[in-house]
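Everything quoted here is computed from the prediction, not taken from an experiment.
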Amino acid sequence: MTLFGIPLDTHPIWLTLQVATLTTLMLAVIGIPLAWWLARMRSRWRVLLEALVSLPLVLPPTVLGFYLIIALGPAGPVTDLLGVFGFEGQLTFNLAGLVIGSVLFSLPFMVQPLMSAFQSLPDEVLDAARLMRAGAVDRFVNVVLPLSRQGLVVGAVLTFAHTVGEFGVVLMVGGNIEGQTRLVSIAIFDHVESFEYAQAHLLSAVMVLFSFVTLVSVYLINRRLSARLG
């Protein structure tokens, strides 16, 4: 594909969108119950669990990537455990490794907005639903989730955007295999190293535009949902 007269390999863009979509969906499944559990926890151990979930925010990506290589590599404990159930492949330097690394690295971007939304729910609302004999699942699906949709939307958008911009973890876990694991951020780095500044400029411009649109979307969603919820 050629854009503005500059040859552009679109595979990193499609692969990045694929990884970001899978990561967001998996974190929605994992993050919602985890955030609800942490928001309602009254144990003194809660601060340790919150710090553990937020660790990727301050941890150098290469450190997380290094331990993922150790855990997910051909001789790693996770691969050995899966081997007991008949798994014979490997979880690094492929799409599975990219998604696993992205899920762990983007975990706080999904959980923290959800926790804030769950913690802001007034207990009276849940008590009223309980008095109306709504079960736990019924209360969560029909009361908690609708009232927390602002946190869910913001968490999903931030998770998707953060995954698109990942570099360190995905490079460590996925490598730089053309046509297989080369994401947009890695492709930009590759173009710069090869002095292909025109291609690097084009992909970087796409990333800047995407990031700006994402932030504008988050602010608009926040404003509209805040106005609707009063």
Side-chain angles (χ1 to χ4, degrees), residues 1 3-4 6-32 35 53-65 68 91-114 150-193 196-222:
M1 177 181 175
L3 193 61
F4 302 117
I6 302 171
L8 178 66
D9 180 12
T10 57
H11 184 271
I13 297 176
W14 291 116
L15 181 60
T16 300
L17 294 177
Q18 185 180 358
V19 172
T21 301
L22 290 172
T23 300
T24 304
L25 292 175
M26 290 183 68
L27 275 180
V29 174
I30 298 170
I32 290 174
V53 169
S54 302
L55 198 57
L57 290 175
V58 296
L59 200 63
T62 48
V63 174
L64 180 59
L68 282 173
L91 296 171
T92 52
F93 304 107
N94 52 32
L95 179 62
L98 290 174
V99 174
I100 293 172
S102 298
V103 165
L104 292 176
F105 195 53
S106 298
L107 182 63
F109 291 86
M110 176 65 81
V111 172
Q112 289 193 346
L114 280 170
Q150 186 173 4
L152 180 59
V153 172
V154 171
V157 173
L158 289 179
T159 298
F160 190 90
H162 182 254
T163 305
V164 168
E166 279 182 33
F167 179 76
V169 171
V170 291
L171 181 61
M172 294 282 285
V173 179
N176 184 11
I177 306 173
E178 185 176 3
Q180 296 184 40
T181 63
R182 182 179 295 173
L183 303 178
V184 170
S185 56
I186 301 173
I188 293 172
F189 177 76
D190 208 39
H191 286 313
V192 171
E193 277 206 318
E196 298 169 345
Y197 288 162
Q199 288 89 340
H201 270 307
L202 189 57
L203 282 176
S204 298
V206 171
M207 294 290 285
V208 170
L209 180 63
F210 173 80
S211 302
F212 180 72
V213 170
T214 300
L215 287 176
V216 170
S217 302
V218 170
Y219 288 132
L220 282 176
I221 291 168
N222 260 329

Q. Distance from Thr16 atom OG1 to Phe210 atom CZ, nearest 0.5 Å?
A. 9.5 Å

**Q.** Sidechain-backbone polar pair: Ser185 side chain, Glu166 backbone, donor-acceptor under 3.5 Å
**A.** yes

Q: Considering non-hydrogen atoms only, spot the tightest contact between Thr23 and Val99 and give its length.
A: OG1-O, 4.1 Å

Q) How far does CD1 of Ile186 sit from CD of Glu178, to the nearest 0.5 angstrom? A) 12.5 Å

**Q.** For Phe212, the option from Val216, Leu215, Thr214 that meets side-chain contact (heavy atoms from CB on, under 4.5 Å)
**A.** Val216

**Q.** Test item: His191 side-chain N/O and Glu196 main-chain N/O as donor-acceptor pair under 3.5 Å
**A.** no

**Q.** Those residues that, when tested against His162, pass ring-ring contact (aromatic ring centres under 6.0 Å, His included) (two or more places apart)
**A.** Phe105, Phe109

**Q.** Validation row: Leu95, Gln18 side chains within 4.5 angstrom (heavy atoms)
**A.** yes

(Q) Looking at every heavy atom in both Ser217 and Val213, which two are closest together, and how far apart are they? (A) OG-O, 2.7 Å

(Q) Within this structure, what is the CG-CG distance for the pair Asn176 and Leu183, rounded to the nearest 0.5 Å? (A) 9.0 Å

Q. What residue among Leu107, Ile32, Leu114 forms side-chain contact (heavy atoms from CB on, under 4.5 Å) with Leu27?
A. Leu107

Q. More than 12 non-hydrogen atoms from neighbouring residues, nucleotides or ligands closer than 6.0 Å to CE on Met207, yes or no?
A. yes

Q) How many angstroms lie between atom CG of Leu15 and atom CZ of Arg182, to the nearest 0.5 angstrom? A) 11.0 Å

Q: Taking all heavy atoms of Val53 and all of Pro56, pick out the closest pair and write down the distance.
A: O-CD, 3.3 Å

Q: Taking the side chain as every heavy atom from C-beta outward, state whether Ile100 and Thr92 have any atom pair closer than 4.5 Å.
A: no

Q. Any idea which heavy atoms bring Ala156 and Thr24 closest together, and the distance?
A. O-CG2, 3.7 Å

Q: Answer yes or no: is there a side-chain heavy-atom contact under 4.5 Å between Val206 and Val184?
A: no

Q. Can you name the nearest heavy-atom pair linking Val173 to Leu98, along with the distance?
A. CG1-N, 4.4 Å

Q: Kindly give the heavy-atom pair with the smallest separation between Pro108 and Pro113, and that separation in Å.
A: O-CD, 3.8 Å

Q.
Run the ring-ring contact (aromatic ring centres under 6.0 Å, His included) test against Phe189 and tell me which residues pass, sequence neighbours left out.
A. Phe167

Q. To the nearest 0.5 Å, what is the distance between CD1 (Ile30) and CG (Leu25)?
A. 11.0 Å

Q) Are any of the side-chain heavy atoms of Gln112 and Leu57 separated by less than 4.5 Å? A) yes

Q.
Run Ser102 and Thr163 through side chain to side chain donor-acceptor pair (under 3.5 Å) and show every step you take.
A. CA-CA 6 Å; Ser102 298; Thr163 305; 5.2 Å; no

